[in-house]
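First comes the structure, then the notes that go with it.
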Amino acid sequence: MFSNTKCECGHQNHVGTVLCESCGKPLTETGADDFAPLEMRYDGVARRSQKENPDLIDRVWNFFSSVKIAVWLIVLTLVAASVGTLYPQENVFRETLTYEELSQYYRENYGKAGEVYHALGLTHVYSSWWFVTLLVMIGTSLVICSLDRVLPLYRALSKQQIRKHLQFITRQQVVYAGPAPEDRDAWLERFGEQLKKRRYKVWRDGDALMAEKNRFSRWGPYINHIGLIIFLLAVLGRGVPAWNMDQYMYLDDGETEQIPGTNYYVKNEKFTVEFYKDSELPESLKGTLRPKLFNTEATLYECTESCDDPTKEPVLRAVETHNIQVNHPLSYHGLKLYQTDYSENQRLISVSPVIINKKTGEKYGPFYLPMRNPALTYDVGPYNLTLRDVFLDFGIDAQGRPMTKSRDPNAPAFVFRIKGPDLPETGETYIYFPNRVDKVRFSQDQLNKSVADKLDIRVDSMENVSFSNYTTTLNVRVDRAMPFVWVGASIFMIGVIMGLYWNHRRIWLRFDDGILSLGAHTNKNNYGLRTEVAAALNKAGLSVSEKSLDNRRKTD
Amino acid sequence: MKKHRKTIQYIVLAFVLLIGGYAVGNSLFASSPVLKAGDKPPAFKLADTAGNVHDSSEYRGKPVIINFWGTFCPPCRDEMPALQNVYDKWKDKGVQLIGINLSEDKLTAESFARQVGAEFPILLDRNRQTEKKFGLKQYPTTFFVRADGTIEEILIGGPLTEEQIEGHIEKIMNAK
């Protein structure tokens with residue numbers, strides 16, 4: 001099909017060339033449409049990859065070089081992406097769930113359809129291998145399509161011949177033909193001036209003229225593709241574990257925890273919640289508690305020493321403090337902590353009780369007793385206390401043994417061995433419930449028997465109690481791909497603006513046997529081009545109407 | 001010119017294979033966050049009740065039973081004696097049993113272990129980090145690990161009976 005690629009002007013064209021690269025003569029004519037406007041895409045140059053005997057690599061290349069394939073890839077990706085929005089994706093769950101648990105969830109919430117949806121793997125579309133494959137293929141197609149077209153186009157546009165083939169000129173979409181003016185040179189000079197006023201660059205080759213403006217707008221689509229490729233790479237980059245993290249932490253007031261998988265620790269200094277007043281609420285919501293603002297006063301620490309030594313407490317250095325509120329995360333070196341939720345849990349953090357000798361009425365202390373990791377021995381006045389056991393959430397197990405019902409200090413109990421005045425040498429066991437309700441509920445005095453008559457451990461005032469009212473839920477995120485997404489998106493926009501707001505316009509003109517032939521081409525807005533050409537011709541002394549220049553509507 | 005083009009083709013396609021291959025491979029072979037039989041358990045480094053540090057690598061090459069327990073979990077409490085009995089029987093045959101306490105105070109863990117007579121090594125998780133790494137959702141959870149370092153079975157819930165534990169010990173002992 002592409003057997004003879006040599007033009008009559010003597011130029012050897014590449015396989016697949018539509019318009020001679022040099023003079024612009026149409027090369028692949030069948031005869032029927034010989035007067036129709038020309039197909040000017042990519043200036044009629046061949047795509048780079050078009051070869052006569054393609055090998056395997058060429059075939060792969062050609063596959064991706066096809067715009068038709070690209071469109072299909074985009075359509076498939078869009079369909080897959082929208083299918084993924086039908087039911088919630090798996091990543092909305094805070095916990096990691098097993099296949100069976102997920103299957104059950106989708107069945108219970110969305111019925112048979114949900115179960116099938118999950119079984120087909122549509123509950124994790126965006127991280128599925130086939131979706132990623134589609135993205136990779138789109139990326140490949142972007143690169144190859146662009147390369148195959150931009151390079152020949154660049155070559156064609158940077159070495160344009162001023163004198164074009166007559167057919168090339170008369171078959172543009174904007175054309176004019178009329179008798180040549182008397183003094184061609186002077187007229188061309190005038191016409192050229194008019195075009196220059198309209199910011200065209202004008203070249204002459206004898207009595208042929210070429211004018212061009214805004215060529216750069218042709219690179220818009222390719223710059224926009226570069227943006228898209230960066231965008232896509234960034235999206236794929238989110239798959240790299242170190243680039244992406246999304247987990248939840250639950251912290252009582254005063255609690256410090258390590259952010260799993262990092263060297264950072266976060267402390268909830270104090271969580272506060274503010275509710276709407278009744279006067280601020282609409283009628284239907286009056287009397288209900290509607291949170292207005294929740295705030296976690298948080299400190300972020302970096303571990304500097306003993307980070308990996310389980311026998312020592314890590315040495316922490318505060319690196320950032322922030323009031324975390326909805327939409328105002330704590331942000332540090334790409335690590336972001338968002339306020340997500342809270343729950344009401346009244347829990348003791350620490351107490352500072354005193355010991356009272358019931359006989360003498362003397363008071364000793366107070367001594368500091370935190371709920372988590374308390375010290376093992378205490379010297380309080382004449383008393384010596386050894387901590388024997390701690391039950392954070394006191395209860396009795398099926399065998400009648402004391403136990404803790406959870407790991408949270410909901411009903412803490414401390415078992416001490418106390419030595420001191422009026423107590424035996426070996427000491428006595430004393431169980432202490434810091435919460436007054438627990439003391440009554442579990443009958444502390446009965447448990448302690450005779451020791452309860454000799455001494456009392458109790459908190460003197462509320463100042464000596466510190467407790468947490470709420471547990472805050474923080475969402476810890478790392479998304480290192482985000483800056484690249486923004487860069488990609490910005491470059492994309494630059495490309496779009498370049499391509500959309502400026503039009504590449506070219507005008508060719510030549511004289512043949514006393515006839516002036518003018519052809520003009522633009523990649524968009526033919527109307528604007530016609531106005532410009534008509535105005536320039538009129539100013540140069542040729543009276544032409546804009547409409548008459550339109551080659552597409554001409555009837556012969 | 002022609003040669004030049006070929007080089008560009010190779011470079012572009014090589015990049016596609018490299019980046020695309022990595023991305024697709026990542027999604028294809030992404031290990032599910034939930035551990036299952038056949039997987040290797042995650043590494044850990046924890047202190048025991050005596051303050052000695054144990055690295056998971058020191059159990060390499062041995063059949064290991066990892067039992068996650070807490071004093072707040074009744075079945076965990078109930079199965080401790082069974083674990084100790086089985087351990088007494090099998091420790092000379094090379095089976096290692098470790099109990100990982102679910103981030104309670106050392107005092108709490110130690111005192112309970114003493115009460116029930118558990119003498120196998122008790123390691124202390126901190127801040128639920130190890131528990132999270134193992135993806136635990138229920139307690140107790142017991143991992144039976146073969147000498148080659150792969151998980152033979154994960155038993156969730158309890159209490160386990162001595163027969164149950166021994167049944168799995170035989171499996172991990174025979175898988176050599």
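Reminder, nothing fancy here: chain letters follow the sequence lines and each chain counts from 1.
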Any donor and acceptor pair, going by atom type alone, linking the side chain of [X] with main-chain N or O of [Y] inside 3.5 Å?
{"X": "B/Lys133", "Y": "B/Ala43", "answer": "yes"}
{"X": "B/Glu104", "Y": "B/Thr71", "answer": "yes"}
{"X": "A/Glu90", "Y": "A/Val125", "answer": "no"}
{"X": "B/Glu58", "Y": "B/Asp55", "answer": "yes"}
{"X": "B/Gln129", "Y": "A/Gln258", "answer": "yes"}

Could you check whether [X] pairs with [Y] (Lys NZ or Arg NE/NH1/NH2 to Asp/Glu carboxylate O, under 4.0 Å)?
{"X": "A/Arg347", "Y": "A/Asp393", "value": "no"}
{"X": "B/Glu162", "Y": "B/Lys89", "value": "no"}
{"X": "A/Asp58", "Y": "B/Lys6", "value": "yes"}
{"X": "A/Lys159", "Y": "A/Glu21", "value": "no"}
{"X": "A/Glu100", "Y": "B/Lys36", "value": "no"}
{"X": "B/Lys106", "Y": "B/Asp48", "value": "no"}
{"X": "A/Glu101", "Y": "B/Lys137", "value": "yes"}

With only heavy atoms counted, which part of [X] is less than 4.5 Å from chain B, the side chain, the backbone, both or neither?
{"X": "A/Glu313", "result": "both"}
{"X": "A/Val390", "result": "both"}
{"X": "A/Ile144", "result": "side chain"}
{"X": "A/Gln247", "result": "neither"}
{"X": "A/Asp308", "result": "both"}
{"X": "A/Met249", "result": "neither"}
{"X": "A/Val415", "result": "neither"}
{"X": "A/Leu147", "result": "side chain"}
{"X": "A/Ser128", "result": "backbone"}
{"X": "A/Asp397", "result": "side chain"}
{"X": "A/Ser127", "result": "backbone"}

Ordered numerically, the heavy-atom neighbours of chain A under 4.5 Å found in residues 120-127 of chain B are B/Arg126, B/Asn127
Quick check on [X] against chain A: is it the side chain, the backbone, both or neither that has a heavy atom closer than 4.5 Å?
{"X": "B/Gln115", "result": "side chain"}
{"X": "B/Lys45", "result": "both"}
{"X": "B/Phe44", "result": "neither"}
{"X": "B/Tyr10", "result": "side chain"}

* Whether A/Phe484 and A/Trp243 hold their rings parallel, tilted or perpendicular, with breakpoints at 30° and 60° -> parallel
inquiry  = Students often mix this up, so state it plainly: with edges at 30° and 60°, are the rings of A/Phe414 and A/Phe416 parallel, tilted or perpendicular?
reply    =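 Because their plane-to-plane angle is under 30°, the rings of A/Phe414 and A/Phe416 count as parallel.
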Looking at [options], which one has more heavy-atom pairs under 4.5 Å with chain B than the rest?
{"options": "A/Val143, A/Thr133, A/Thr256", "answer": "A/Thr133"}
{"options": "A/Val136, A/Leu392, A/Leu236, A/Asp389", "answer": "A/Asp389"}
{"options": "A/Met137, A/Arg388, A/Arg372, A/His124", "answer": "A/Arg388"}

When every non-hydrogen atom of A/Phe391 is compared with those of A/Pro402, the smallest separation belongs to CE2-O, 3.6 Å
Residue from B/His54, B/Arg77, B/Lys132, B/Arg128 scoring the most non-hydrogen pairs under 4.5 Å with chain A is B/Arg77
Most heavy-atom pairs under 4.5 Å with chain A, out of B/Ala23, B/Cys73, B/Gly51, belong to B/Ala23
Hey, do the aromatic rings of B/Phe68 and B/Phe134 have their centres closer than 6.0 Å?
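Under 6.0 Å, so yes.
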